[in-house]
Amino acid sequence: MDAMKPMESQGRAPRVVSFFDPETFTGTHVVIDEGTKHCAIVDCVLDYDPKSGMTSTASADALIAWVKEEALTVDWILETHVHADHLSAAPYLKAALGGQTAIGSAVTVVQNVFKGLFHAGDGFAVDGSQFDVLFDDGATFAIGDLTCSVMHTPGHTPACVSYYVGDALFVGDTLFAPDYGTARCDFPGGDAKVLFQSVRKLLALPAETRVFLCHDYMPGGREVTLETSIGAERANNIHVHEGIEEGEFVAMRSARDATLAMPVLILPSVQVNMRAGELPPAEANGMRYLKIPLNAF
Ligand SMILES: [Fe+2]
C-alpha cells in the first residue's frame, strides 16, 4: 500500500491536514488547534486484505509518525459513523497517541442491528461502551482551545454525525464531492428521506464553510479531493444542489441504491467497527475470526 500523503487545507482555524487511503478511498483528517497543538483525528484506517485476512498498520503508522513529527497532543479519535468500507484503527492510534475515542450516541441502534445479524452473543454490549464517549445531537467538546459541536446527520446510517469546528465541517458520508453526490442509504437502518433532511441541515451552514469528506472516488479520473465548501455543494452537488426536492432525491437515491453491489469490505468492516475498531474476541484456540452471514444481504 502507498503511504498516505498529507494534504494541507488553506483555510482559517482550525488547521486541517488530510490523508487519503487509495485502497478504500477514505479520507482521514487531523483537526489541529494551532495555539495549543492539540488535535482530533477523524475517521482513521486499519489496512485489511480481504484475500488473506491480514490486517496491517502501515497507514496508521504513517499517520502516527506524522502526528509525532508535528508534536501534536491527540485529544480525540473521532468516528463519523460505523463505516462499512474500511476498518477503523482507533484502538491502535489510541494506544500509540492517547486521546478518547468517540462516535454518535445512535451507535447503539447500529450495534443492536449488527449484534443480531452476526449473532455476536452476550459478550457484545450494545450500549456503545466500547467507545470512551458517545455524543448526543448538539453536544460540544474541546480540541485544545477550539470548541467542536456535534450534529446528528442520519440517513446513510442511523448513527452518522458531522463535526463542526471553526469554519470546518467533517461530514462523514453524508455528503461527497459535488461531482459524486451523496452516499447510499440502503444499509440496515439507512433512509434516503432522512439523509435528505440531514443534508439540508448541513447546507444551511455558511457558504464559506470548509467541508471535509470521508471518501472520494475521483469520478472521470480527476485528482483526489477531500475538501469542498457548503457553497460549492449547494450550487453543484449532483444529487442535492439547490432546487432538488425531497421526493426527487428519494426516488433517485432509491433507484441508484438498487443497482449497487455491496462494498468489498462491508462484512469485515462492520464486525470490527461496531466494536470501536477492536477485532472480535479470540476463540478457544487463540485465533480471532470474522463471520460471513450467508444469504443475509
Ligand atoms: Fe460509510
Side-chain angles (χ1 to χ4, degrees), residues 18-29 41-48 50 59 77-90 101-111 113-114 117-118 128 131 135 150-163 169-177 180-199 202 211-219 224-228 233 237 239-240 253-254 256-257 259-277 297:
S18 303
F19 297 78
F20 183 67
D21 171 31
E23 296 291 324
T24 63
F25 307 98
T26 302
T28 296
H29 306 289
I41 296 168
V42 183
D43 291 332
C44 56
V45 175
L46 179 71
D47 306 315
Y48 177 72
S59 297
I77 299 165
L78 305 171
E79 303 287 353
T80 54
H81 62 295
V82 175
H83 305 278
D85 47 28
H86 69 272
L87 282 61
S88 167
T101 60
I103 197 167
S105 53
V107 70
T108 55
V109 177
V110 174
Q111 288 180 324
V113 170
F114 287 121
L117 179 65
F118 290 109
F131 297 85
F135 294 127
V150 180
M151 299 168 74
H152 280 203
T153 46
H156 168 59
T157 78
C160 289
V161 300
S162 298
Y163 296 104
L169 179 69
F170 300 86
V171 295
D173 293 0
T174 299
L175 282 167
F176 290 142
Y180 203 79
T182 55
R184 63 196 300 168
C185 295
D186 60 335
F187 295 155
D191 188 321
K193 194 174 165 157
V194 172
L195 179 72
F196 188 82
Q197 288 156 7
S198 293
V199 165
L202 296 180
V211 173
F212 293 92
L213 309 168
C214 182
H215 293 290
D216 187 50
Y217 300 98
M218 302 162 286
V224 175
T225 178
L226 293 172
E227 178 183 346
T228 179
E233 296 282 20
N237 186 292
H239 293 165
V240 291
R253 189 68 266 172
S254 309
R256 180 162 159 74
D257 288 350
T259 70
L260 299 176
M262 281 296 135
V264 178
L265 294 184
I266 186 171
L267 296 171
S269 298
V270 168
Q271 288 176 78
V272 169
N273 297 339
M274 72 182 190
R275 296 180 163 92
F297 274 101

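FYI, side chains are in, hydrogens and waters are out, and symmetry mates aren't considered; it's all heavy atoms of this structure. We count ligands from 1, going down the list as the structure has it; atoms in each ligand are counted the same way.
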P188 vs L117 side-chain heavy atoms within contact, under 4.5 Å
no
Who are the side chain to side chain donor-acceptor pair (under 3.5 Å) partners of Q111, not counting sequence neighbours?
Q130
Expected output: side-chain H29 to main-chain L213 donor-acceptor under 3.5 Å
yes
Please check this pair: side chain of D21 against backbone of L46, looking for a donor-acceptor N/O pair closer than 3.5 Å.
no
For the residue pair E227 and S18, establish whether any side-chain heavy-atom pair is separated by less than 4.5 Å.
no
Donor-acceptor pair, side chain of H156 and main chain of R184, under 3.5 angstrom:
yes
Polar protein atoms (N, O or S) that approach the Fe ion (ligand 1) to under 2.8 Å
H81 NE2, H156 NE2, D173 OD2
